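What follows is a single structure, written as structure tokens, with notes after it.
Since the structure is predicted, the reported quantities are computational estimates derived from the model, not experimental observations.
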Amino acid sequence: PADLLKTRKPPALGGLEPVERVRQHKVRLEWVRAEPAGLRGAVRVLNLAYEKVVSVRYTLNGWASCAEAAATYQPPGPADGITDRFAFLLPLGAAAAAAETTLEFAVRYRVAGAEYWDNNEGKNYRLRGRQRVPPAAGPPQDPDSSAWIHFI
């Protein structure tokens, strides 16, 4: 399972190459990044048919309620010729700004009458939010403070 580690460079994940992971599971979360507008990310899917629907189902309250955000196709596709990339934005709003909010989500891929999920091997992807503390006076802060979270 993928750990949600914030890094400047995507962590190398052991095991299968990205294309092989997508070939085996049909859908895989590629990366996510926290932004002021919400959580932005990318998904790769195995190109099984022309018509396909990719979405992200998410909750901020332990699945007492949930929402689903559509992902959009990102041309040109990956150069491997067998996968497509989709991008999404989860508009988290003020609820996510609360201290110690936990976002859980899973990716859904519907194609050719079948449905596939990437839910972090049954555990859902989880991100815990925390309130930002204004930088203290002192040495300059790192200008590249936007961290990437990478899965494939």
Side-chain angles (χ1 to χ4, degrees), residues 1-130 132 144-152:
D3 290 326
L4 298 176
L5 300 175
K6 291 187 174 187
T7 61
R8 293 201 195 298
K9 294 182 181 173
L13 297 177
L16 302 173
E17 291 295 318
V19 173
E20 288 306 312
R21 291 171 60 90
V22 174
R23 190 186 309 259
Q24 181 179 351
H25 299 283
K26 312 299 187 266
V27 56
R28 297 304 286 183
L29 181 64
E30 197 168 26
W31 58 264
V32 297
R33 180 179 68 212
E35 297 182 350
L39 188 73
R40 186 173 303 278
V43 175
R44 282 180 61 183
V45 300
L46 192 62
N47 188 2
L48 298 173
Y50 178 76
E51 290 189 31
K52 52 188 74 88
V53 177
V54 178
S55 59
V56 178
R57 187 171 292 175
Y58 65 100
T59 183
L60 293 167
N61 59 16
W63 300 106
S65 65
C66 66
E68 193 149 342
T72 56
Y73 176 71
Q74 299 297 296
D80 59 47
I82 62 170
T83 65
D84 287 326
R85 179 174 287 121
F86 286 74
F88 64 88
L89 174 65
L90 305 183
L92 302 178
E100 298 303 314
T101 299
T102 298
L103 166 69
E104 290 184 68
F105 66 96
V107 179
R108 179 163 70 158
Y109 173 38
R110 291 178 287 170
V111 61
E115 183 173 271
Y116 304 96
W117 287 86
D118 179 6
N119 60 4
N120 195 23
E121 298 180 17
K123 294 179 277 193
N124 295 325
Y125 290 97
R126 300 172 135 226
L127 295 170
R128 181 168 296 138
R130 61 178 182 225
R132 277 205 165 160
D144 183 23
S145 61
S146 63
W148 287 84
I149 304 168
H150 197 89
F151 299 98
I152 287 185

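Scanning both residues, Thr59 and Ala64, for their nearest heavy atoms gives OG1-N, 4.4 Å. Contact between Leu46 and Ile82 at its shortest, heavy atoms only, is CD1-O, 3.5 Å. For the residue pair His25 and Tyr116, the shortest heavy atom distance occurs at O-CB, 4.4 Å. Nearest heavy-atom pair, Leu48 versus Tyr109, reported as atom, atom and distance to 0.1 Å: N-OH, 3.7 Å.
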Test Arg110 against Lys52 for side-chain contact (heavy atoms from CB on, under 4.5 Å), laying out the working first.
-> CA-CA 6 Å; Arg110 291 178 287 170; Lys52 52 188 74 88; over 6 Å; no
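Of the residues listed (Trp63, Tyr125, Tyr58), the one engaging Glu104 in a side-chain hydrogen bond (donor to acceptor under 3.5 Å, both in side chains) is Trp63, and it is the only one. Each of Arg28, Arg108, Arg57 was compared with Asp118 under the salt bridge (charged side-chain N to carboxylate O under 4.0 Å, His left out) criterion, and only Arg28 meets it.
The structure places CH2 of Trp31 at 7.0 Å from CZ of Arg40, a figure rounded to the nearest 0.5 Å. To the nearest 0.5 angstrom, Leu90 atom CG is 10.5 Å from Glu68 atom CD. Summarising the geometry, atom NZ belonging to Lys26 is positioned 13.0 Å from atom OG1 belonging to Thr83; distances are rounded to the nearest 0.5 Å. For the atom pair OG (Ser55) and CZ (Phe88), the distance works out to 10.5 Å, reported to the nearest 0.5 Å. Between Thr102 atom OG1 and Leu127 atom CG the span is 9.0 Å, to the nearest 0.5 Å.
Under the 4.0 Å criterion applied to side-chain N and carboxylate O atoms, Asp84 and Arg44 are not assigned as salt-bridge partners.
Asn61 contributes a side-chain N or O that, together with a main-chain N or O of Ser65, makes up a donor-acceptor pair within less than 3.5 Å. Between the side chain of Glu115 and the backbone N or O of Gly113, no donor-acceptor pair lies under 3.5 Å. For Asn119 (side chain) and Gly122 (main-chain N/O), a donor-acceptor pair under 3.5 Å exists by modelled atom type.
Contact check for Val107 versus Trp117: no side-chain heavy atoms found under the 4.5 Å cut-off. With contacts defined as side-chain heavy-atom distances shorter than 4.5 Å, the pair Val45/Asn47 does not qualify. Contact check for Phe105 versus Asn124: no side-chain heavy atoms found under the 4.5 Å cut-off. Contact of the Leu39 side chain with the Leu89 side chain is not registered, since no non-hydrogen atoms from C-beta on lie closer than 4.5 Å.
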